Amino acid sequence: MILQIDDANKVRTLTLNRPEALNAFNETLYAATAEALSAAADDPDVAVVVLTGAGRAFSAGNDLKEMQARISDPSLGGESNFTALIDALTRFPKPLICAVNGVGVGIGATILGYADLAFMSSTARLKCPFTSLGVAPEAASSYLLPQLVGRQNAAWLLMSSEWVDADEALRMGLVWKVCEPADLLTEAHRHAEILASRPISSLIAVKHTMVEPLRPGIAAASARENAHFAELMGSHANAAALADFTGRRGS
């Protein structure tokens with residue numbers, strides 16, 4: 001099961017379940033997560049969704065081996081299910097809580113732009129590796145991260161490709177609370193259940209009033225990012241970075 005789904009007390013927990021690949025998103029996981037968010041949105045018995053990862057990673061981001069295969073084999077092209085996930089995150093009408101249990105890379109970090117609350121293990125680390133891969137930002141992170149953490153913190157996250165530890169993520173405002181690893185899910189679920197005890201209609205109204213003004217900015221940023229990504233993906237810098245990555249993985 002590539003995505004584990006558990007329900008308790010009107011809280012649905014979605015657990016990314018590719019621990020052998022550090023929960024990297026391949027096309028199947030993108031689609032499964034998008035579908036699960038849509039189903040949770042429509043389920044009257046679900047008030048809050050908690051998203052976390054199985055094993056020692058939250059998510060290592062885009063599956064780079066699959067990305068390289070899509071570049072080298074035109075028959076694998078076409079629109080990625082990544083777009084479906086971003087659409088589902090943008091539209092999700094209920095509280096979304098991320099519980100970052102381990103490393104979060106790429107979409108494993110930028111997804112926090114869509115979280116209403118983010119909890120992070122004290123041992124977890126985050127990275128936006130776009131410049132080290134020779135590509136552009138993704139997931140409207142060029143718009144959402146400055147909104148969340150301010151221009152300069154976002155610039156460092158998106159330009160440096162450096163790791164950010166839990167204390168730094170908390171200082172930036174990228175996450176709301178840092179917890180000891182053993183307490184992470186307990187704390188995330190405790191807060192989720194407080195929210196879930198409120199009327200779902202009221203939760204939806206509050207989120208709508210907060211998020212609706214951002215939707216045009218998300219759409220415009222995604223269009224800009226996608227244009228740059230299409231231009232840069234497969235470029236010399238990107239191809240060299242992917243070859244280096246898959247070479248090291250294979251060795």
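The structure displayed is predicted, hence computed values, not measured ones. Heavy atoms only: backbone and side chains are in, while hydrogens, waters and symmetry mates are out.
Across D6, L96, T13, a single residue satisfies side-chain contact (heavy atoms from CB on, under 4.5 Å) together with V50, and that is T13.
Following chains of ILVMFWY side-chain contacts shorter than 4.5 Å, one can reach V135 starting from W156, so the two form part of one hydrophobic cluster. Under the 4.5 Å side-chain heavy-atom criterion for ILVMFWY residues, a single connected hydrophobic cluster contains both I218 and I107. F58 and V103 are members of different hydrophobic clusters when ILVMFWY side chains are connected at heavy-atom separations under 4.5 Å.
I111 CD1 to T33 OG1: the interatomic distance, rounded to the nearest 0.5 Å, is 7.5 Å. Distance check, rounded to the nearest 0.5 Å: CG of N81 to OG1 of T28 gives 8.0 Å. Here the CG-CG distance, from L3 to N17, works out to 8.0 Å after rounding to the nearest 0.5 Å. To the nearest 0.5 Å, atoms CD (E138) and OG1 (T110) are separated by 4.5 Å. One distance of note links CD1 of I97 with CG of L117; it measures 5.0 Å at 0.5 Å rounding. From T131, atom OG1 reaches atom CD of E162 across 8.5 Å, with rounding to the nearest 0.5 Å.
Checked by atom type and distance alone, the side chain of D165 never pairs as donor or acceptor with a backbone atom of R125 at under 3.5 Å. Using a distance-only test at 3.5 Å, with no hydrogens or angles considered, no donor-acceptor pair links the side chain of K207 to the main chain of P93. Distance alone, capped at 3.5 Å, is enough to place a donor-acceptor pair between the N101 side chain and the G53 backbone.
Under the ring pair (Phe, Tyr, Trp, His ring centres under 6.0 Å) criterion, H191 pairs with F119, W176, not counting sequence neighbours.
The hydrophobic cluster around I204 extends to I200, counting ILVMFWY residues whose side-chain heavy atoms fall within less than 4.5 Å of a member.
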